[in-house]
**Q** 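Please read through the structure below; I'll follow up with questions.
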Amino acid sequence: MKPSLLLPAAVCSAIIALTGCNKKSADDGSQPSSKKMTEIRAKGSDTMIQLATAWSEAYRKVKPNVMVNANGGGSGTGIAALQNGTTDLCNASREIKPEERAKVKEVTGKDVQEFVVAYDALAVYSNPANPIKEISIEELREIWAEGGSITTWDQVNPAMMGKITLFGRQNNSGTYDYFREHVCGKTADKKQREFRGGISELNGSSEVVENVAKTPTGLGYSGMGYKTPNVNWLHISAKKGEPAVEPGTEAARSGSYPISRKLYIYTAGEPSAEAKAFIDWILSAEGQKIVAQEGFVPLK
Amino acid sequence: MSKLVAPHRAKEAGYISTPQMTKPRGSGPSRARFQLLDRLEKPIEWLIRACGWSSIIGIAAIFIFILKEAAPMVPKLDWIYFFTNSRWIPAPGSGNEASFGALALITGTFAVTGISLLLAVPIGLGAAVYISEFAQGKVKETLKIVIELLAAIPSIVWGFIGLMVLGPIVKGVFSAPVGSPWAHTMQFLHLSSGDAGAAQGTNLLTGGIILALMSVPLIVSLSEDALRAVPDTFREASLALGANQWETVRRVLFPAARNGLLAACMLGMGRAVGETMAVLLATGHSNRIPHALTDPVRTMTATIAAEMGEAVHGDAHYGVLFILGIVLFVVTCSINVAADLIIKGVKGKTS
């Protein structure tokens, strides 16, 4: 063989040998020889991504041969993946819409199965420099919705000055959808009111909190599990003048906090045996303990 | 003294050797090897030709792909609304119609590109002039290497720098207590639109600065090439006539290298228009038409990147995102074609 070809040939055979080695060690690893690695794909909510990852890691210890791959992208992305057939489980922080259910049925031929796995409260965060501590849903509506009348802080409370800087999520987010539905309300002819233009649309739940922490006139919405010491959360009352409720586990579960929601897992058709076992584990005490650890509200 | 021979007679005169002339007689393997090389020449030529054509085929394929994905939406989109309205709501609430008004997105792209060019062109041309005309030896070499390194930084890193480093700095500079003279000046000069200055650090200005830093290496290397292509006789003549170096640069070199410098700037602009990750992180991603320098904005590229994951294949949203892609493609292509025409001097600008 020519000397100039020897080096590339040696490198190629080394690479092939190394990949061969890897395969072998993965096969006769920790599991018995009759079982192989099962992979469950979970896509969707960014609100739930830390929770999904924590579940996945804990489940590895329960069943080492099942690998749950959790990805984010937003609830909308997860439901789209359900339609495209690129995921087994869809994590969603909002309920699936009837037209999306129909689309899944149309494309995959299966009905959507819904599992409620936790509760969450959407907290509205403000900067510590902001003296305002409570707000009503009506005022939030005028701040966030299209055509709303409140644009500066002194319209809410004269104690604070400045234009309200809004931080929200991108439109593929279930949090975006849920907040819009429950805060923006309806127009005069019973249609859903959209968000106003000009909101800074951020990628993830913690990004919203970080931005509010850096902006004295900031206001943003995110899951209550994402609170940091650098932000305050507003107490919210359903109507102006009614007592304002702070986000919390009991308030979310009982519904006294106005912006509380359920977290779902959706599958197209009946989940596979392994996926069903995973969902049952999530609904059991162990899975729910992790829900509480991540800052969400367990089912019981 | 060698004989002067007509080129077509050179072979007979023995000046060009053929394999038949140089190979030693009677050695079989060498002749075989030369014959093998002769036979390989055609296939290798075809291979090289395929490489050359592959770029044209690639561009055509990409354009056809984008057109194909956008085609279902092209007749259904309200094009006038698309270009004149800034209400972009692709995922509406239940029962509402989606609204595809891309004016704010297009404005955002051009605003960020404009700011970046305003910063990048003077800095880039200045650096190119310095490297080409004023720097000597070691300094010149080091500068060239460092500027090439700037080009090697991944765009996502630039995005982080904009978000974490530059954002707080910009916010700090453009902040003022409510009612102070600086706050009023800022609002008057359209530097900020809030009472207390810039509300957030990720805004048009931060995005523009980051894009400028990304375009500078491109502008510097291309301008430096253009300046180097100007013959030394121009410089020598100018200096001999009594001009100093700065006058030479301004009045002799810039007009002489004008085509190349303009093309460099346009290619830098093309880079800024197409940048995605850096602007996604650094501009605040807010759908509005900017009224002040420190307003957050949103670009077409960032919109496509953020929303493509949610768009279901074949949906209206999907089609409109590809239409945004077509708009971007057309803009970048026309910038590149214009740069090319300018280099060739077709626009009638003679030096």
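Hydrogens, waters and symmetry mates play no part in the numbers below; they use all other heavy atoms, side chains included. Numbers restart at 1 for each chain; the letters A, B, ... are given by sequence-line order, proteins then strands.
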**Q** Which side chain or backbone donor-acceptor pairs connect chain B with chain A at less than 3.5 Å?
**A**
{"unit_1": "B:Arg87", "atom_1": "NE", "unit_2": "A:Glu146", "atom_2": "OE1", "d": "3.4"}
{"unit_1": "B:Arg87", "atom_1": "NE", "unit_2": "A:Glu146", "atom_2": "OE2", "d": "2.4"}
{"unit_1": "B:Arg87", "atom_1": "NH2", "unit_2": "A:Glu146", "atom_2": "OE1", "d": "3.0"}
{"unit_1": "B:Ala91", "atom_1": "O", "unit_2": "A:Arg180", "atom_2": "NH1", "d": "2.8"}
{"unit_1": "B:Ala91", "atom_1": "O", "unit_2": "A:Arg180", "atom_2": "NH2", "d": "3.0"}
{"unit_1": "B:Pro92", "atom_1": "O", "unit_2": "A:Arg180", "atom_2": "NH2", "d": "3.3"}
{"unit_1": "B:Gly93", "atom_1": "N", "unit_2": "A:Glu194", "atom_2": "OE2", "d": "3.1"}
{"unit_1": "B:Asn96", "atom_1": "ND2", "unit_2": "A:Gln192", "atom_2": "O", "d": "2.4"}
{"unit_1": "B:Asn96", "atom_1": "ND2", "unit_2": "A:Glu194", "atom_2": "OE2", "d": "3.0"}
{"unit_1": "B:Lys171", "atom_1": "NZ", "unit_2": "A:Lys214", "atom_2": "O", "d": "3.1"}
{"unit_1": "B:Gln200", "atom_1": "OE1", "unit_2": "A:Ser200", "atom_2": "OG", "d": "3.4"}
{"unit_1": "B:Gln200", "atom_1": "NE2", "unit_2": "A:Ser200", "atom_2": "OG", "d": "3.2"}
{"unit_1": "B:Gly284", "atom_1": "O", "unit_2": "A:Ser200", "atom_2": "OG", "d": "2.5"}
{"unit_1": "B:His285", "atom_1": "O", "unit_2": "A:Glu201", "atom_2": "N", "d": "2.7"}
{"unit_1": "B:Ser286", "atom_1": "OG", "unit_2": "A:Gly198", "atom_2": "O", "d": "2.8"}
{"unit_1": "B:Asn287", "atom_1": "O", "unit_2": "A:Gly198", "atom_2": "N", "d": "3.0"}
{"unit_1": "B:Arg288", "atom_1": "NH2", "unit_2": "A:Gly198", "atom_2": "O", "d": "2.7"}
{"unit_1": "B:Arg298", "atom_1": "NH2", "unit_2": "A:Glu201", "atom_2": "OE1", "d": "2.9"}
{"unit_1": "B:Ala306", "atom_1": "O", "unit_2": "A:Asn172", "atom_2": "ND2", "d": "3.4"}
{"unit_1": "B:Glu307", "atom_1": "OE2", "unit_2": "A:Asn171", "atom_2": "ND2", "d": "3.0"}

**Q** Take atom CD1 of B:Ile80 as the centre, draw a 6.0 Å sphere, and report whether it contains more than 12 heavy atoms from other residues, nucleotides or ligands.
**A** no
**Q** Given a strict heavy-atom distance threshold of 4.5 Å, which part of B:Pro296 is in contact with chain A: side chain, backbone, both, or neither?
**A** side chain
**Q** Name the member of B:Gly284, B:Ala199, B:Pro92 that forms the most heavy-atom pairs with chain A at distances under 4.5 Å.
**A** B:Pro92
